[in-house]
Amino acid sequence: MRPAAKRIHQDLMANADLAFLFCSDDRGIKPKNYAVLRRTNARAILIEVCFISNQCQFNNIITAGDQALIADGIAAGVTNVLTAAARSG
């Protein structure tokens, strides 16, 4: 597992637990060879936030407040990864 994925996952899940109170289901990091990631020249990460087929998660993700929590968690993780990379040169 790459350190960037681990850090972004950690920050995302800190907020996902709040956004999906009572129905957060952390399925972890699953390194795969997805075309959407393989066919890019830039750094990329694919994030599956929730399953809309899960009624509890769907009811949460449609609210602006919970969407903001998820977005903030992802943004915090990316910021932390880029800050660490800048410090290490």
Side-chain angles (χ1 to χ4, degrees):
M1 172 181 5
R2 295 185 176 198
K6 185 176 180 180
R7 182 58 202 241
I8 293 169
H9 178 258
Q10 177 183 8
D11 290 334
L12 168 62
M13 287 311 300
N15 284 17
D17 287 339
L18 294 172
F20 298 119
L21 197 58
F22 305 118
C23 59
S24 179
D25 185 20
D26 183 1
R27 297 180 59 157
I29 299 171
K30 297 180 179 160
K32 299 286 183 178
N33 192 24
Y34 293 114
V36 69
L37 300 175
R38 189 177 59 247
R39 295 181 180 167
T40 183
N41 294 324
R43 294 171 121 189
I45 187 167
L46 179 65
I47 300 174
E48 188 170 55
V49 174
C50 71
F51 295 99
I52 61 171
S53 59
N54 178 317
Q55 191 63 48
C56 183
Q57 291 180 355
F58 176 79
N59 291 340
N60 288 311
I61 201 64
I62 61 173
T63 67
D66 289 335
Q67 290 172 10
L69 279 171
I70 296 298
D72 289 346
I74 295 168
V78 171
T79 299
N80 288 326
V81 167
L82 294 176
T83 300
R87 286 186 184 145
S88 67

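Residues take their numbers from the sequence shown, with the count starting at 1.
Heavy-atom contacts from other residues, nucleotides or ligands closer than 6.0 Å to CD1 of Ile47 number more than 12. Residue Arg39 qualifies as open at atom CZ: its count of foreign heavy atoms under 6.0 Å is 12 or below.
In terms of heavy atoms, Asn33 sits closest to Arg38 at O-NH1, 2.5 Å. For the residue pair Ala44 and Leu37, the shortest heavy atom distance occurs at CB-CD2, 3.7 Å. For the residue pair Ile70 and Ala19, the shortest heavy atom distance occurs at CD1-CB, 3.9 Å. Here the closest non-hydrogen pair linking Asn15 and Gly73 is ND2-N, 3.2 Å.
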Using side chain to side chain contact (heavy atoms under 4.5 Å, CB included), reason through Val81 and Arg2 one step at a time and then give a plain yes or no. CA-CA 11 Å; Val81 167; Arg2 295 185 176 198; over 6 Å; no
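Note that CG of Asn59 and CD1 of Ile52 are 12.0 Å apart. Values are rounded to the nearest 0.5 Å. In this structure, OG1 in Thr40 is found 13.0 Å from CD1 in Ile45, a value given to the nearest 0.5 Å. Annotation: the span from Gln10 atom CD to Asn80 atom CG amounts to 8.5 Å, rounded to 0.5 Å.
A donor-acceptor contact shorter than 3.5 Å links the side chain of Gln57 to the backbone of Cys23. Remark: the backbone N or O of Asn60 is paired with a side-chain donor or acceptor of Thr63 at under 3.5 angstrom. Listed for the Ser88 side chain is a donor-acceptor partner under 3.5 Å among the backbone atoms of Ala85. Counting only distance, with no hydrogens or angles, the side chain of Thr79 and the backbone of Ala75 share a donor-acceptor pair below 3.5 Å.
Using a 4.5 Å heavy-atom threshold, the side chains of Gln67 and Val49 count as separate. Asp26 places a side-chain heavy atom less than 4.5 Å from the side chain of His9. Side chains of Phe20 and Leu69 form no contact here, defined as non-hydrogen atoms less than 4.5 Å apart.
Linking ILVMFWY residues whenever their side-chain heavy atoms come closer than 4.5 Å, directly or via other members, leaves Met13 and Ile8 in distinct clusters. One hydrophobic cluster, built from ILVMFWY side chains closer than 4.5 Å, cannot hold both Ile61 and Leu18; they sit in different ones.
The closest side-chain donor-acceptor pair between Asp25 and Asn54, if any, does not fall under 3.5 angstrom.
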